[in-house]
Amino acid sequence: MKRALNQLKRGFLNLYRYTNQFQVLKAIRESLLRIVPVIMIGAGALVLRSFPVKPYLDFVQNFAGGVIDRFMAYVYNATFGVLSIYMVISLSVSYVDKVRNMAGHYIGPVFSSLLVFVISSGAFEEGADLSSTFGTRGLFTAILCALFGSCFYCSMQKRSRMEIRFYTNGADDAYNNMLKYLVPILLAGLIAALFNLLLFLTFHVSSLQEAYTSVTDALFLRMNRGAGSAVFYIFMVHFLWFFGIHGGNVFETVGQNVFEPALLINQKAIELGQMPTQIFSKTFFDVFVIMGGCGSTFCLLLTILFFEKKRSIRKLAKIAALPSIFNINELMVFGIPIVYNPIMFIPFFLTPMMNLLISALAMRLGLVPVVSNPVEWTTPILLGGYYATGSISGAILQLVNLCLGVGIYYPFIKILDRQSEEDSREKINKLVKIYQKSEETRNPIVLLEIRGEMGNLAKTLCDGLEAVVGKKTPNMFYQPQYNYQNQCVGAEALLRWKHPVYGMIYPPLVIKLLEEMDILTRAEEVILESVLVDMNSIKAVYGEDIKISVNVTGTTIQLDHYEYFLAEMAEKYPQHVKNMMLEITEQASLQIDKDFILRLNRIKAMGYRLAIDDFSMGNTSIKYLQNNVFSMVKLDGALIRDILANERSRSIVQTMTHLTEEFDIDILAEYVETERQRDLLNELGCHLYQGYLYCKAVPIDEFLKRGY
């Protein structure tokens, strides 16, 4: 059983990776995600306009002649009333980005798609309702038209050389670009018009939108308003949602034309003193089947809040909780994500199907009254069940469905956790490789200016780093330093950052992001103060003579502000200053002149010790030895890695040990990984070591344990 379950999990994970390879599907998902703010604003206006509490409704509808109601209507009509227009624009942009990799070239595809959509929607046919055509009912047509319009335009631009050129003194770039757009947009519009004409001549429908509406309505009406059509309707709504298409809006006409009349039939039966018999109405689906939105995602929300331990997902659930109460679930659907995620395929479909069957059975058996009262889809759970049925049993039925849904979602959340960890590792590894390639090729890169997923990841990491620095909560690791007698004489304090989602972050990447945010100096101050706070514990274990090295960049050490900070720390922690070794990095950025040497002497006079990082035979490194300000040099790691195989590396190390011995300066070798390296370094005159031969960098608690 366990083996079969593991195979099922692997199958879901492989399917997840496979579906994410299709860029068109990614473009559709991203386009709907782009318009989530519009959807939430419109839904919020609807909630405020129709919250089902009679005193509140009376106030909204009657205050100052209904001015509040009218105001909310403006917002609703400007969002849901033209939602298809937003979708056309959003999908055109996403298609250009994701599928064609032509970021920035949006105007032509957007205009082409809008022209195709306006023609195909039948918006200007006699008797057409613009708010209905351009609103939620036209969403499916909008998706088809945006894909065709954008694809056709981009293909024409790539393959065709038909381009009107008009270079004169009076024609600027905007004018010539307009002429460039003309031919593909014109052809896209002509094709759309011809297609709609063929539909009219062949099937006597005026537009693609009317053809789609007629086909879907006829399909469901032929099935009657029974259990079969209800199951098929719920399946199709969720099938489209799973691929990033708002199924509820696409099948809005079916809901209103096929299932909504059931409510009127029930109301008429009650007026005649008869029992209502029509179970499957649109209100029934909204209240008892898709609680919290498609997929009954309120069940998923509760599952996360009750059982999920990962902070990032719990945070998402908390943010999404308020809109989910009013059945607005876009934050959950795209935040988890559910769309295109085969791991969530089963619970996303199974939960509403079970809700449908249980609710229908409860009403068929007379345990719960049949829905006979209209309820707005934004009505909160429990209230909706009570108002729709006129009975507390309706609210109880919703509660039963919620508990069942939580049980269905629970095991799949656990599978999703594992996949989320794998995806996070892949993303962060990709960003690290981008940075490492920049280091290797010496081509500078600004990570925060990268477009797309990697740029967004860099910004996400920066937000977390900014919080760490702002709250002064750095995670410090210590890598011990030993002499040849195997005594721990010091340690290097190193910043290590474990992101709650992406895990331990590559340290040079952390420094790079701190630089790009222009908070590296502030971070170095926070690090030094954090180490000073740890010094009481460190000295209690390792003694009063222990030396702790803290990295300081060449840019920071030259700042007046940092010198003032060091003076403040020396006054605040006078008993620890002599134990601190400021290890200067980025020697190439230093301006070694009289003023800089004077600054170093002032810092040394405060009690700090100074060290040179990555010391070699370079001109910058040698200049340091001309002045008596440094207590230690750390050999360039490239020399140590190569010392066993390269005679010249050994000669360079031996020369530098003679220099430092002559000037009474300690010399330490990093990256010591084998006893052979250590013994050879000892023969060459280097008696202090740091590296994996002894210990990697470890948290403060583990560092202290090693000293007992």
Side-chain angles (χ1 to χ4, degrees), residues 432-433 435-436 439-440 442 476-497 504-512 527 546-554 581-588 609-618 620-622 624 630-661 665-699 702-703 706:
V432 168
K433 287 179 181 177
Y435 174 61
Q436 289 176 331
E439 287 185 307
E440 292 169 4
R442 304 198 176 208
M476 299 308 302
F477 277 42
Y478 294 84
Q479 186 169 28
Q481 299 166 342
Y482 286 80
N483 61 20
Y484 193 67
Q485 288 71 40
N486 209 34
Q487 297 171 326
C488 181
V489 295
E492 181 178 4
L494 297 164
L495 176 65
R496 294 292 183 263
W497 182 43
M504 195 66 75
I505 307 300
Y506 179 55
L509 177 62
V510 173
I511 301 302
K512 171 66 173 172
I527 289 169
I546 190 78
K547 301 295 186 292
I548 304 297
S549 299
V550 177
N551 290 318
V552 182
T553 56
M581 182 84 72
L582 301 182
E583 189 174 311
I584 301 175
T585 64
E586 297 183 15
Q587 299 169 32
R609 293 161 62 88
L610 297 169
I612 309 170
D613 193 23
D614 294 332
F615 186 81
S616 65
M617 294 299 290
T620 306
S621 292
I622 296 299
Y624 283 116
F630 289 96
S631 304
M632 177 185 285
V633 296
K634 298 181 75 171
L635 292 173
D636 190 332
L639 294 172
I640 308 306
R641 293 190 186 98
D642 202 31
I643 196 169
L644 293 175
N646 192 319
E647 184 177 346
R648 291 189 177 186
S649 293
R650 294 195 292 272
S651 297
I652 293 172
V653 170
Q654 190 168 37
T655 300
M656 289 191 290
T657 59
H658 290 328
L659 280 172
T660 54
E661 183 179 359
I665 298 174
D666 292 330
I667 187 166
L668 180 144
E670 293 184 289
Y671 302 101
V672 179
E673 298 180 351
T674 67
E675 292 183 359
R676 288 183 62 201
Q677 286 177 322
R678 180 199 60 191
D679 293 342
L680 179 56
L681 284 164
N682 183 60
E683 292 176 12
L684 296 174
C686 178
H687 311 302
L688 298 175
Y689 319 102
Q690 176 182 335
Y692 283 5
L693 172 62
Y694 297 98
C695 182
K696 64 180 181 179
V698 294
E702 188 173 340
F703 175 56
R706 293 181 63 87

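One is the number of the first residue; the rest follow in order along the sequence. Note that the structure is predicted; figures quoted are calculated from it, not measured.
- For the pair Gln481 and Ser549, the minimum side-chain heavy-atom distance is below 4.5 Å.
- In this structure, Gln677 has no side-chain hydrogen bond (donor to acceptor under 3.5 Å, both in side chains) partners at least two apart in sequence or on a different chain.
- In this structure, the side chain to side chain contact (heavy atoms under 4.5 Å, CB included) partners of Pro507, at least two apart in sequence or on a different chain, are Arg496.
- Annotation: salt bridge (charged side-chain N to carboxylate O under 4.0 Å, His left out) contacts involving residues 668-685, sequence neighbours excluded, comprise Lys634-Glu670.
- In this structure Ala493 satisfies the side chain to side chain contact (heavy atoms under 4.5 Å, CB included) test together with Met476, Tyr478, Val531, Ile548, Val550, sequence neighbours excluded.
- The backbone N or O of Ala491 sits nowhere less than 3.5 Å from a side-chain atom of Gln690 that would complete a donor-acceptor pair.
- Every side chain to side chain contact (heavy atoms under 4.5 Å, CB included) that Cys488 has, sequence neighbours left out, goes to Pro480, Tyr482, Tyr542, Ile546, Phe703.
- Scored by the side-chain hydrogen bond (donor to acceptor under 3.5 Å, both in side chains) test, Lys512 finds Glu516 as partners (sequence neighbours excluded).
- Between Leu635 and Ala669, the closest heavy-atom pair is CD1-CB, 4.2 Å.
- No side-chain heavy atom of Met632 sits under 4.5 Å from any side-chain heavy atom of Ile667.
- To the nearest 0.5 Å, atom CD1 of residue Ile505 and atom CH2 of residue Trp497 are 5.5 Å apart.
- Checked against side chain to side chain contact (heavy atoms under 4.5 Å, CB included), Tyr506 has the following partners two or more places apart in sequence or in another chain: Val432, Tyr435, Gln436, Glu439, Pro508, Leu509.
- When the shell of 6.0 Å around OH of Tyr692 is examined, it contains 12 or fewer heavy atoms from other residues, nucleotides or ligands.
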Could you give the side-chain donor-acceptor pairs of residues 647-654 under 3.5 Å, partners two or more places apart or in another chain?
residue	atom	partner	partner atom	Å
Arg650	NH1	Ile643	O	3.0
Arg650	NH1	Leu644	O	3.1
Ser651	OG	Glu647	O	3.2

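- Summarising the geometry, atom CD belonging to Glu583 is positioned 10.5 Å from atom CD1 belonging to Ile612; distances are rounded to the nearest 0.5 Å.
- Residues passing the side-chain hydrogen bond (donor to acceptor under 3.5 Å, both in side chains) test with Tyr671, sequence neighbours excluded: none.
- Remark: Gln487 engages Asn483 in a side-chain hydrogen bond (donor to acceptor under 3.5 Å, both in side chains) (not counting sequence neighbours).
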Practice task
Given side-chain contact (heavy atoms from CB on, under 4.5 Å), test His687 with Asn682 step by step and report yes or no.
Solution key: CA-CA 5 Å; His687 311 302; Asn682 183 60; 2.8 Å; yes
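- To the nearest 0.5 Å, atom CG of residue Asn646 and atom CG of residue Leu639 are 9.0 Å apart.
- Two residues are said to be in side-chain contact when any heavy atoms from C-beta on lie closer than 4.5 Å; Asp666 and Arg609 meet this criterion.
- Panel note: side chain Thr585, backbone Asp613; no donor-acceptor pair is recorded below 3.5 Å.
- Pairing each heavy atom of Tyr694 with each of Arg706, the nearest pair is O-NH2, 3.1 Å.
- Side-chain atoms of Ile640 and Val672, non-hydrogen and from C-beta on, do get closer than 4.5 Å to each other.
- The aromatic rings of Tyr484 and Tyr689 sit perpendicular, their planes meeting at an angle over 60°, well past the 30° parallel limit.
- Counting all heavy atoms, side chain and backbone alike, Phe630 lies closest to Ile665 at O-CG1, 3.6 Å.
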